[in-house]
Participant: 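Below you'll find the structure I mean.
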Amino acid sequence: MVKPDGVQRGLVGEIITRFEKKGFKLTGLKLFQCSKDLAEEHYKDLKGKSFFPKLIDYITSGPVVCMAWEGVGVVASARKLIGSTDPLKAEPGTIRGDLAVQIGRNIVHGSDSPENGKCEIGLWFNEAEIVQWTPAQAAWLR
Ligand code: RTP
C-alpha cells in the first residue's frame, strides 16, 4: 500500500514501477480513502503502542493506493524492496531508503507474511477487485 504521504508526494508511479520491474504481477489496484475503523483493524496489533493514535491519523489523513502483487517469494521480496521501517535505517536502493526520512512518514506498507498478505487483501479489497490474469509474453517470470 502506498500510504497518504506517498500519494501526496506523487510517488505512486515510482513505487508501482519498482514492483513491476522486479517482475511481480499486479492483481489489484485502487485509490482509496481509509476509514478510522479500517485503519484500527489493519493496525490492531499495534494498539498498545504510544504512536498508535498518530498512526491512525496519518493513515486516514488522505487517500492511499492499495495494491495486490503476485509472484514467487513476493512477500519477502517486497519487504526487501521496501526497506527497514525507519527510513534512516533503510538501505539506499530500497523505497524507504531512497525516498523517505521519517518513521512516521515512511510512504509504503507491505504485508509481513503470506498469511497476513491474504488477510490484508481480504481487508482492503472486495473479491471482484482482484483480477487473475496470465501475462501473454512473460512465461519465464512465473
Ligand atoms: P508497515 O506495517 O507500515 O509496513 O510497517 P512495518 O511492518 O515496517 O512496521 P510496524 O512495526 O508494523 O509499524 C507500522 C507503522 O507504524 C509506524 N511507526 N511509527 N516509533 C514510531 O513512531 C513508529 N513506529 C512505527 C510506521 O508508519 C510503520 O510503518
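Note that ligands are numbered from 1 as they come in the structure, with each ligand's atoms numbered from 1 the same way. What you see is a predicted model, and the numbers here were worked out from it, not measured in a lab.
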Participant: So does T85 get a backbone contact from the side chain of N106, meaning a donor-acceptor N/O pair under 3.5 Å?
Facilitator: yes
Participant: Below 4.0 angstrom from a heavy atom of Y43, which ligand 1 atoms are there? Numbered from 1 as shown, please.
Facilitator: 2 (O), 3 (O), 14 (C)
Participant: Starting from atom 6 (P) of ligand 1, which protein heavy atom do you reach first, and at what distance in Å?
Facilitator: T85 OG1, 3.5 Å
Participant: Kindly list each side-chain donor-acceptor pair under 3.5 angstrom involving residues 59-75, sequence neighbours excluded, with atom names and distances?
Facilitator:
residue, atom, partner, partner atom, Å
T60, OG1, I56, O, 2.7
T60, OG1, D57, O, 3.3
S61, OG, Y58, O, 2.6
E70, OE2, K25, NZ, 3.4

Participant: Does I16 form a side-chain contact (heavy atoms from CB on, under 4.5 Å) with L29? I'd like the steps, not just the answer.
Facilitator: CA-CA 10 Å; I16 290 175; L29 179 68; 3.8 Å; yes
Participant: Counting each atom of ligand 1 from 1 as listed, which ones have a heavy atom of L46 under 4.0 Å away?
Facilitator: 12 (O), 13 (O), 14 (C)
Participant: Which heavy-atom pair separates R18 from I95 by the least distance, and what is that distance?
Facilitator: CD-CG1, 3.4 Å
Participant: Any atoms of ligand 1 less than 4.0 Å from a non-hydrogen atom of N106? List them with their elements.
Facilitator: 26 (C), 27 (O), 28 (C), 29 (O)
Participant: Give me the nearest non-hydrogen protein atom to atom 20 (N) of ligand 1 as residue plus atom name, then the distance to 0.1 Å.
Facilitator: F51 CD2, 3.7 Å
Participant: To the nearest 0.5 Å, what is the distance between CD (E20) and CD1 (I15)?
Facilitator: 12.5 Å
Participant: Of the protein's non-hydrogen atoms, which lies at the shortest distance from atom 5 (O) of ligand 1, and what is that distance?
Facilitator: R96 NH2, 3.6 Å
Participant: Could you find the nearest protein heavy atom to atom 26 (C) of ligand 1 and give me its residue, atom name and distance?
Facilitator: I103 O, 3.3 Å
Participant: Is any side-chain heavy atom of L38 less than 4.5 Å from a side-chain heavy atom of F32?
Facilitator: yes
Participant: Can you tell me how the ring of W124 sits relative to the ring of H42, calling it parallel under 30°, perpendicular over 60° and tilted otherwise?
Facilitator: perpendicular
Participant: Just let me know how K49 lines up against ligand 1, side chain, backbone, both or neither, with a heavy-atom cut-off below 4.0 Å.
Facilitator: neither
Participant: Specify the closest pair of heavy atoms between Q132 and T27, including all atoms of both residues, with the distance to one decimal.
Facilitator: OE1-CG2, 4.3 Å
Participant: Would you mind listing which atoms of ligand 1 come within a distance below 4.0 Å of any non-hydrogen atom of K3?
Facilitator: 3 (O), 27 (O), 28 (C), 29 (O)
Participant: Considering only heavy atoms of L55, which atoms of ligand 1 have at least one such atom less than 4.0 Å away?
Facilitator: 15 (C), 16 (O), 17 (C), 27 (O)
Participant: As an exercise, identify every atom of ligand 1 less than 4.0 angstrom from a heavy atom of G110.
Facilitator: 4 (O)
Participant: Sort and list the pairs that fulfil salt bridge (charged side-chain N to carboxylate O under 4.0 Å, His left out) and have at least one residue in residues 99-111, not counting sequence neighbours.
Facilitator: none
Participant: Looking only at protein heavy atoms, which one is nearest to atom 2 (O) of ligand 1, and how far off is it?
Facilitator: H109 ND1, 2.9 Å
Participant: Please report which non-hydrogen protein atom sits nearest to atom 7 (O) of ligand 1, along with the residue it belongs to and the distance in Å to one decimal place.
Facilitator: R79 NH2, 3.1 Å
